[in-house]
Amino acid sequence: MLKNLLAIGALCASVISASPVTVKRDDFGLEWISKDSSLPKVVLYNTGGTIVSTSNYSTIDNVNYGSGPRVLPEYLIGNYSIILEKAQIAIVDMSKAGGSSNLNSTLYFNVSRAANEHLCSEGSDIDGAFFGVDLTLNCSKPFVATGAMRPESYISNDGPSNFYQAVAVAADPKARDRGALVVFNDRISSAFYTIKTNGNTPDTFKALEQGNLGAMLGGQPYWFFTPSYPVARYYFDLSSMESGEDLPHVVVLFGSQGFDTSLMYAAVANGAKGIIIMGAGAGQLSTAAATVAGELKAQGVPVVASLRPVTGASPPKPYEQTYISSGYMQAGKARIQLQLCLATGMGWEGCRDVFEKDMREVIYNDSTEYYFS
């Protein structure tokens, strides 16, 4: 199987060279793969993962893949050249992380800096990008996350379809002013609300409460709604951070029955600047955990209560808490938002407002006196 895959890769190279494809370098140093210079420009930030993975075991292996050679994005473009009928594509390789399990804040930070430069610089003619950064992108252009649930070597792999659809969405002017998007399995959803609901099937990324923003029909994005941003979406300016700098360390703890609060102290002792706890029900913390959260608050270490169920909200209380409620943010997203809050020097109160302000205004009618009474 290894030999077959390498042969396919060699065939792909000949397909690219035999097609009427040109490669041009722009002012950003990006090389554009193009059939038509009038088409929209879309940047691919390649971080590796399932979409470029293969298996040495079997063409029906969707469990132990990653053992075979990784394919390059150029392979997908060459084998599915219809992609170049939607857009010109430039590839920025950031795949050294070694798959989704090794992604970290440094990678997201580097992608964010690159995307802001490429998309948001004055006079930029780049129309969109794909792979996902939302809260740090400061312009209206679309940013799309995609990937695959089945490796490239699988008998009915989903990567090429998702790849094509992500390019089509990123190139669509109607994708602007919506925040980051997730395009998977014929659906378009808001990255702010989308969660992974199944670890094995292609039909996994969903915004269960909020619904899809659109669908792919005949290779084209069909939008259900006019453009708008998620209500609680916040923008963080990371321009003052050094390239490659790590975001502050934040850990996620599971708030099970009999939750051991010594884990909170241990996390801080090990360098955590913030803690996310997946609390019971709608993000409820035990009395003991709330007490420790108050001690950590005095040290400037915020504790954010997220929820354990698949969907729902962790709403703030009508009084001042020792911890912060995550709203509709699941633990993984709450962790990233708390990292960004801390990285931009917001402090405990500033972090609380980012998470709670919009929901507090709705539930308590913007009565700050009542909220802190």
Side-chain angles (χ1 to χ4, degrees), residues 45-53 61-66 94-95 97-105 107-108 111-112 130-136 142-152 154 156-163 165-166 169-170 178-216 230 232-233 250-255 276-279 282-283 304 306-314 326-340:
Y45 301 105
N46 172 35
T47 61
T50 303
I51 193 170
V52 292
S53 295
D61 174 24
N62 65 344
V63 178
N64 296 306
Y65 56 86
M94 296 184 171
S95 61
S100 57
S101 60
N102 291 307
L103 297 182
N104 53 44
S105 62
L107 175 66
Y108 283 110
V111 172
S112 173
F130 55 110
F131 178 69
V133 173
D134 186 15
L135 304 181
T136 58
F143 205 95
V144 181
T146 194
M149 291 299 294
R150 294 170 172 170
E152 178 61 22
Y154 194 76
S156 59
N157 56 324
D158 58 328
S161 174
N162 291 338
F163 183 37
Q165 292 179 358
V169 169
R178 299 177 188 269
L181 303 169
V182 175
V183 176
F184 249 87
N185 204 47
D186 301 331
R187 294 177 173 86
I188 309 167
S189 57
S190 167
F192 189 87
Y193 289 118
T194 300
I195 60 174
K196 191 172 187 177
T197 62
N198 190 300
N200 308 105
T201 64
D203 189 20
T204 176
F205 288 97
K206 300 177 181 180
L208 293 172
E209 294 284 346
Q210 298 79 16
N212 298 317
L213 302 182
M216 297 299 298
R233 179 180 180 269
V250 173
V251 302
V252 178
L253 302 177
F254 187 84
I276 309 294
I277 299 179
M278 298 171 65
V304 175
S306 182
L307 64 160
R308 294 205 307 255
V310 174
T311 190
S314 172
S326 72
Y328 275 102
M329 278 198 162
Q330 295 283 346
K333 293 183 179 181
R335 174 181 175 270
I336 294 173
Q337 179 156 284
L338 184 56
Q339 286 183 296
L340 294 171

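Hydrogens, waters and symmetry mates play no part in the numbers below; they use all other heavy atoms, side chains included.
In terms of heavy atoms, P202 sits closest to N185 at O-CB, 3.7 Å. What you find for A148 and I51 is that their closest heavy atoms are CB-CA, 3.6 Å. The two residues S53 and P151 make their nearest non-hydrogen contact at O-CB, 3.3 Å. Across all their heavy atoms, A313 and L307 have their closest contact at N-CD1, 3.8 Å. The minimum heavy-atom distance linking V183 with Q165 is given by the pair CG1-CB, 3.7 Å. Of all heavy-atom pairs spanning N162 and G147, the tightest one is ND2-O, 3.0 Å.
For A282, the side chain to side chain contact (heavy atoms under 4.5 Å, CB included) partners are Q284, P315, not counting sequence neighbours. Every residue two or more places apart in sequence or in another chain was checked for a side chain to side chain donor-acceptor pair (under 3.5 Å) with Q337, and none qualifies. With sequence neighbours excluded, the residues forming a side chain to side chain contact (heavy atoms under 4.5 Å, CB included) with S306 are I276, S326, A331, listed by chain and number. Not counting sequence neighbours, the partners of R150 by the side chain to side chain donor-acceptor pair (under 3.5 Å) test are S156. The side chain to side chain contact (heavy atoms under 4.5 Å, CB included) test applied to T197 returns I195, T204, K206, L208, not counting sequence neighbours. Here R187 pairs with D203 under the salt bridge (Lys or Arg N to Asp or Glu O under 4.0 Å) rule; sequence neighbours left out.
With values rounded to the nearest 0.5 angstrom, Y108 atom OH is found 11.5 Å from L135 atom CG. Expressed to the nearest 0.5 Å, how far CZ of F163 lies from CG of N157 amounts to 13.0 Å. Within the model, atoms CD of Q330 and CD1 of I336 stand 12.5 Å from one another, a figure rounded to the nearest 0.5 Å. Considering OG1 of T146 and CZ of F205, their distance stands at 8.5 Å, rounded to 0.5 Å. Here the CE-OG1 distance, from M94 to T47, works out to 9.5 Å after rounding to the nearest 0.5 Å. Separation of atoms CG (L213) and OG1 (T194) is listed at 7.5 Å; rounding is to 0.5 Å.
In this structure, R233 contributes its side chain and A180 its backbone to no donor-acceptor pair below 3.5 Å. In this structure, the side chain of D158 engages the main chain of M149 through a donor-acceptor pair within 3.5 Å. The main-chain N or O of G48 is found under 3.5 Å from a side-chain atom of N46 such that the two form a donor-acceptor pair. Panel note: side chain K333, backbone Y328; no donor-acceptor pair is recorded below 3.5 Å.
With a 4.5 Å cut-off on side-chain heavy atoms, F192 and M329 count as touching.
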